[in-house]
Structures are given as C-alpha cells and as structure tokens.
Student: 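Here it is, the structure in full.
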Amino acid sequence: MIRVIVVEDESDLRDSISIFLTKAGMDVRGVGDGPGLDAALADRPADILVLDVNLPGENGFSLALRHRAQRNIGVIMLTARSQTDDQIVGLASGADSYLLKPLDLRVLEATIRNLAHRLAGVEPGTTERQRSLDWEFDPATWMLTAPNGISVELSASEQKVLSVLASADGEPASREAILSALGKSGFESDDHSLNAMLTRLRRKVETATGMDLPIRAIRTVGYAFAARLVSVGA
C-alpha cells in the first residue's frame, strides 16, 4: 500500500484529497504545516509527500529540500502558482512532479502511482513493493484482483474489456477496439451501452474492494487503465 502524507493548510482541500486517495487504496495522513509533517514522519515513514507550496511557516520548497536530503521519499508539489520560475524552484528543491491548482484528483492519483512505481524500481525489495501497487487480471478465470488483495469475478463482457485494456499496457485503448471485442458495431447506441457497462463495473469493484477502479475516459480516444494492470494465469 502506498503511504502518503498530504501537507495542505486549507482543511477542506486537505480532507478532500485524503478521502479520495484513501478510497483509492492508499494509506493517507493529512497535516497542515511543517511541524505537523515532522511529527507524522517521526510517527511512521511515508513513501510520498504531497506538498502545498504556500504553507504557514516553512514553505513547501523548503520542506521538499529538507526531507529529500534526509530520506528517500517522493515529492509532489501543489500550487496555484503557474510561473515557470516557481516550477523550476520546486523541481530544484527535490520535487518529482509539480501540479497546479485547481487540482483534478484523478490526475493526482495517477501521478502518485506512477511516482511510486519509479521509486519501487530503485529501492531494495522492488518485486514486493511493485506487486503491492498492481491490479492483477486473470483472463482465464475472469478475476480482477485489487492492490489490497480483494478479488472480483467479472462477467463475460467485463472480461473482454479488461483484456483489451491489459493488452494496451497503460496506453489508451480506442472505443472501436473495445466495442469490436464486445462484438458491437460502434454506433452511438453501442457507445452508450459501453459507458453504462463501465459505470456498473466501477460500482461493482468499489463495492467489493473499497477501491476506485482506475479506468479513465480519454476524450475523443477511448479508455485507459490508469494504474499498472498485470495479466496473470494466461
């Protein structure tokens, strides 16, 4: 499980981020400033920090620089500042990514997962950590297993959609490819039926596992699985 600390002084935004990421299967703690972050890290370590730039007292740039010097930890900075100079300062302070507000929480989730994968590639125990972040799909038994280890049995149509997304290996799969796998023509009515099926699948997986199924609609293209989807048992 990815361990995240959200450092944001706006309590409503901090709570929204924390709730969303927790539902996505992450271990999330929220604090409002530098001392709160120091206390949280002293209590137990984290894999990734999500840092607001404009914090009371020590700002996000300073916190990123200090904590990256002390430990191997991922840093994602959040800010309303769009100036290039600020982004350069953030990256020079040790940030791995720099996201602008207003924030799309789905983008933040995908950024955290991608960063966690990169960190797993350079740390001891890579195989165990990497596996803990994966969704596993068994096309033979029609089972989808969430990163928390809970499995969901798929219908025939759901299995076909997951097969297409797994074959895309993280890239967007076109609506035409998905509809073709389902034996549909690609007419507008079939698009509506695909959207409805994916909505039901997301609800089914969330109910069974407590996690958000990371199938994301890509405008004018189709759909992508916004996490690592590993085919097993094939």
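Predicted, not measured: the structure shown is a model, and the values here were computed from it.
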Student: A227 and R113: which non-hydrogen atoms are nearest, and at how many Å?
Tutor: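 Looking at all heavy atoms of both residues, the shortest contact is CB-CD, 3.8 Å.
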
Student: Sub-3.5 Å donor-acceptor pair from the side chain of R202 to the main-chain atoms of I215, do we have one?
Tutor: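 Checking the backbone N and O of I215 against the side chain of R202, a donor-acceptor pair under 3.5 Å is found.
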
Student: With rounding to the nearest 0.5 Å, note down the distance linking CG in L51 to CG in L78.
Tutor: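 Here the interatomic distance stands at 8.0 Å.
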
Student: I'd like to check the side-chain contact (heavy atoms from CB on, under 4.5 Å) partners of R106; sequence neighbours left out, ordered by chain and number.
Tutor: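 Counting only residues at least two positions away or on another chain, R106 forms a side-chain contact (heavy atoms from CB on, under 4.5 Å) with F20, D104, R216.
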
Student: Return the minimal non-hydrogen interatomic distance between P56 and D9, and the atom names on each side.
Tutor: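 It is CD-CB, 3.6 Å.
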
Student: Tell me the salt bridge (Lys or Arg N to Asp or Glu O under 4.0 Å) pairs involving residues 30-40, sequence neighbours left out?
Tutor: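 Sorted pair list: D38-R66.
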
Student: Look up atom CD in E158 and atom CD in E153, then write down how far apart they are to the nearest 0.5 Å.
Tutor: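 With rounding to 0.5 Å, CD (E158) is 10.0 Å from CD (E153).
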
Student: Is there side-chain contact between L165 and W135, with heavy atoms separated by less than 4.5 Å?
Tutor: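 Side chain of L165 against side chain of W135, heavy atoms only: no contact under 4.5 Å found.
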
Student: Taking Q159 for its side chain and P139 for its backbone only, find out whether a donor-acceptor pair lies under 3.5 Å.
Tutor: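 Present.
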
Student: Is the shortest side-chain heavy-atom distance between L103 and I17 below 4.5 Å?
Tutor: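 A side-chain contact under 4.5 Å exists here.
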
Student: How would you list, by chain and number, every residue that makes a side chain to side chain donor-acceptor pair (under 3.5 Å) with E8, sequence neighbours excluded?
Tutor: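 If we apply the side chain to side chain donor-acceptor pair (under 3.5 Å) test to E8, skipping adjacent residues, the hits are K101.
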
Student: Report yes if the side chains of L201 and L154 come closer than 4.5 Å at any heavy-atom pair, otherwise no.
Tutor: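 The answer is yes, as the side chains (C-beta and beyond) meet within the 4.5 Å cut-off.
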
Student: Which atom names give the shortest non-hydrogen contact between S155 and K204, and what distance separates them?
Tutor: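 The pair with the smallest heavy-atom distance is N-NZ, 3.9 Å.
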
Student: Can you check whether E109 reaches D212 side chain to side chain, under 4.5 Å on heavy atoms?
Tutor: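 When only atoms from C-beta onward are counted, D212 and E109 do touch, with a gap below 4.5 Å.
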
Student: Would you say the side chain of L49 lies within less than 4.5 Å of the side chain of H67, judging by non-hydrogen atoms?
Tutor: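 Heavy-atom side-chain distance check passes, below 4.5 Å.
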
Student: Find out whether L182 and V164 are in side-chain contact, i.e. whether some heavy atom of one side chain is under 4.5 Å from a heavy atom of the other.
Tutor: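 In short, these two side chains do not touch, never coming nearer than 4.5 Å.
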
Student: So how far is it from L198 CG to L213 CG, rounded to the nearest 0.5 Å?
Tutor: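 Answer rounded to 0.5 Å: 8.5 Å.
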
Student: Evaluate whether atom CG of D43 has more than 12 neighbouring non-hydrogen atoms of other residues, nucleotides or ligands under 6.0 angstrom away.
Tutor: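 Yes, CG of D43 has more than 12 neighbouring heavy atoms, counting only those of other groups under 6.0 Å.
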
Student: Can you tell me how far the OG atom of S193 sits from the CG atom of L179, to the nearest 0.5 Å?
Tutor: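 If we round to the nearest 0.5 Å, S193:OG and L179:CG are 7.0 Å apart.
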
Student: What distance separates L115 CG from I76 CD1, expressed to the nearest 0.5 Å?
Tutor: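 CD1 of I76 is found 5.0 Å from CG of L115.
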
Student: Nearest 0.5 Å, please: how far is CD1 in I2 from CG in L21?
Tutor: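 Separation between the atoms: 9.0 Å.
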
Student: Using a 3.5 Å distance criterion without hydrogens, assess whether the side chain of N59 forms a donor-acceptor pair with backbone atoms of F61.
Tutor: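 It does hold such a pair.
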
Student: Ignoring hydrogens, what is the shortest heavy-atom contact between T145 and S151? Give both atom names and the distance.
Tutor: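 T145 and S151 have their closest heavy atoms at OG1-OG, 2.7 Å.
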
Student: Quick one: hydrophobic cluster around M143, which other residues, with the 4.5 Å side-chain cut-off, linked directly or via members?
Tutor: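 Its cluster mates, by chain and number: none.
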
Student: Are the side chain of D47 and the backbone N or O of R3 linked by a donor-acceptor pair below 3.5 Å?
Tutor: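 Pair found, side chain donor or acceptor close to backbone of R3.
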
Student: Applying side-chain contact (heavy atoms from CB on, under 4.5 Å), name anything that partners P102, two or more places apart in sequence or on another chain.
Tutor: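 Expected list: none.
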
Student: Go through the steps to decide whether I48 and D96 satisfy the test side chain to side chain contact (heavy atoms under 4.5 Å, CB included), and finish with yes or no.
Tutor: CA-CA 10 Å; I48 293 174; D96 297 282; over 6 Å; no

Student: Which pair of heavy atoms, one from A146 and one from M211, lies closest together, and at what distance?
Tutor: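 Where A146 meets M211 most closely, the heavy atoms are CB-SD, 3.8 Å.
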
Student: Hey, could you give me each pair passing side chain to side chain donor-acceptor pair (under 3.5 Å) that has a residue in residues 13-31? Not counting sequence neighbours.
Tutor: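 Residue pairs with at least one partner in residues 13-31: K23-E206, D27-R44.
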
Student: Is the shortest heavy-atom distance from the side chain of T111 to the side chain of Y98 under 4.5 Å?
Tutor: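 No. Closest side-chain heavy atoms not under 4.5 Å.
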
Student: Could you tell me if the side chain of F225 sits less than 4.5 Å from the side chain of L162, heavy atoms only?
Tutor: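 L162 vs F225: side chains touch.
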
